[in-house]
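Encoded as structure tokens, the structure appears first; notes follow it.
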There are 2 protein chains.
Amino acid sequence: MSGRRAAILEAATRVIARDGVRGLRVEEIAAEAGVSTSLLYYHFKDRAGLLARTLDFVNSRSEHYTAPEVDADADPRGHLTEMLLLELQDTPLVVETSRVWGELRASAVFQPELREQLNATTARWAEYASELISRAQERGRVAAHVSPDDAADRLCALVEGLSERWLSGSLSLQRARDLLRGGIAAELGEP
Amino acid sequence: MSGRRAAILEAATRVIARDGVRGLRVEEIAAEAGVSTSLLYYHFKDRAGLLARTLDFVNSRSEHYTAPEVDADADPRGHLTEMLLLELQDTPLVVETSRVWGELRASAVFQPELREQLNATTARWAEYASELISRAQERGRVAAHVSPDDAADRLCALVEGLSERWLSGSLSLQRARDLLRGGIAAELGEP
DNA sequence: GATTCCCGACTGAAATTTCAGTCAGCTTCT
DNA sequence: AGAAGCTGACTGAAATTTCAGTCGGGAATC
């Protein structure tokens, strides 16, 4: 596989993160990647295919940048907190991923064919959070009456809601982070 | 001012709710409204202008359909709960408004000029929720340690997050509503 | 020499925008 | 009263722009 293929995916990610999928022109992605438009059709079936692959790419990439410093085994609750707060950071990679993710979520409302990959990632996230909550609960770091699945779903939805509010300028980053910390406390009980 | 202008805005709302702003064609709106495309250019400067006015329109309209049955003075907490649950309903008006609102929120990430109206509505919502929480707190229906502003911001963000997940097929309506009820309990304490 | 990778130049269709002009009704002047 | 002049609402058709997608062929690599 050629390196250009990856370059195209990276370029597409950058362009989507900058302008959204609304006005996405394949010509622009080609320019950003420094290749001809024809090459996009060589590597990907069509515009929709390129889009789908780009979304895959962003998804898989985002599973790696989740690297909290707190050990999951030693302190599951601290690990969860860090993991969630990682989504609310002003670093290029996080911002880029979040903006693209927001577009994917919004697009899926009107394009059911995008939902499968969206749901897969959404579910994986919530499962992981739920698992951490369960483990924390076993160690008494989370109140016993809490339902791990419910709390996990809500916290994930909250993070996404806060992230979108931050990116759309309704909330400062600092406030979003504070709100998330408070939300974790409200959901899991004071630590 | 002619009634056709309003008809166009209503048609545009319907079309955006159905297809999103991505594939928005002015010809389609004209057809939906039963007028010529030229009329859209007569009443609105251009495609972007029409879009902006439509978003205004939806925004102002959404401030009216909030009509819980529970009296705000008698039972502020119940009123808040109903108000938030109103956003998670499978009725045409709610679905239409929510889908368009989602588009507005997502679009504002890339178009700062949309943010002003978005933020105004967002803030008004949170303020109202905060006020209800304060009143409920005075009556001992909400735990004393809760910060009304924080809880209100989080609950609003949670509703939006859940709504988007519901509309994009990541969550059933029933589950979204259950999660919201649980979230209210977690934020405000068991009633 | 065949396969893989890649480009420039095009095409066709679709969508936006412009424009000249119609029509109904309202005002003003005589 | 009625003619003349004016305006806002509206349309059909044509001009313009925008884009996804194609085609034929060139260069590198195996």
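Because only heavy atoms are used, hydrogens play no part in the values below, and waters and symmetry mates are left out as well, while side chains stay in.
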Handout entry: Between dT4(C) (C1') and L39(A) (CG): distance, integer Å
Key = 11 Å
Handout entry: Side-chain N or O of R4(A) closer than 4.0 Å to phosphate OP1/OP2 of dC6(C)
Key = yes
Exercise for the section: Scan side-chain atoms only and decide if R22(A) and S107(B) contain a donor-acceptor pair under the 3.5 Å cut-off. Expected result: yes
Fill in the blank from the handout: From OH of Y42(B) across to C1' of dT17(C) the rounded distance in Å is 17 Å
Practice task
Figure out the CZ/P separation between R47(B) and dA14(C), and round it to whole Å.
Solution key: 17 Å
Practice task
Determine yes or no for a side-chain-to-main-chain donor-acceptor pair under 3.5 angstrom, with S130(A) supplying the side chain and A126(A) the backbone.
Solution key: no
Practice task
Could you check whether L24(A) gets within reach of a base, just the sugar-phosphate, or nothing at all, counting any heavy atom under 4.0 Å?
Solution key: sugar-phosphate
Exercise for the section: Among the candidates dC10(D), dA13(D), dG21(D), find the nucleotide nearest to the side-chain atoms of Y41(A). Expected result: dG21(D)
Exercise for the section: Round to the nearest Å and state the distance from E28(B) atom CD to dT16(C) atom C1'. Expected result: 14 Å
Handout entry: Residues R115(B), S170(A); criterion side-chain hydrogen bond (donor to acceptor under 3.5 Å, both in side chains); working and verdict
Key = CA-CA 8 Å; R115(B) 293 182 183 183; S170(A) 289; over 6 Å; no
Handout entry: Backbone of H43(B) reached by a side-chain donor or acceptor of R4(B) within 3.5 Å
Key = no
Handout entry: T37(B) side chain, from C-beta outward: closest of dG21(D), dC7(C), dT17(C)
Key = dT17(C)
Exercise for the section: Select one nucleotide: of dG12(D), dA15(C), dC7(C), the one nearest the side-chain heavy atoms of E27(B). Expected result: dA15(C)
Completion exercise
When rounded to whole Å, the CG to C1' distance for the pair D46(B) and dT18(D) reads 16 Å
Practice task
Would you indicate which nucleotide in dC6(C), dC7(C), dG12(D) comes nearest to any side-chain atom of S38(A)?
Solution key: dC7(C)
Completion exercise
Of the listed dA20(D), dC6(C), dG21(D), the closest approach to the R25(A) side chain comes from dA20(D)
Exercise for the section: Using only heavy-atom distances, determine whether the side chains of T13(A) and R61(A) contain a donor-acceptor pair under 3.5 Å. Expected result: no
Practice task
Take atom CZ of F44(A) and atom P of dA20(D), then tell me their distance rounded to the nearest Å.
Solution key: 15 Å
Problem - Phosphate OP1/OP2 of dC6(C): any H43(A) side-chain N/O under 4.0 Å - result: yes
Problem - Distance in angstrom units between L40(B) CG and dG12(D) C1', rounded - result: 14 Å
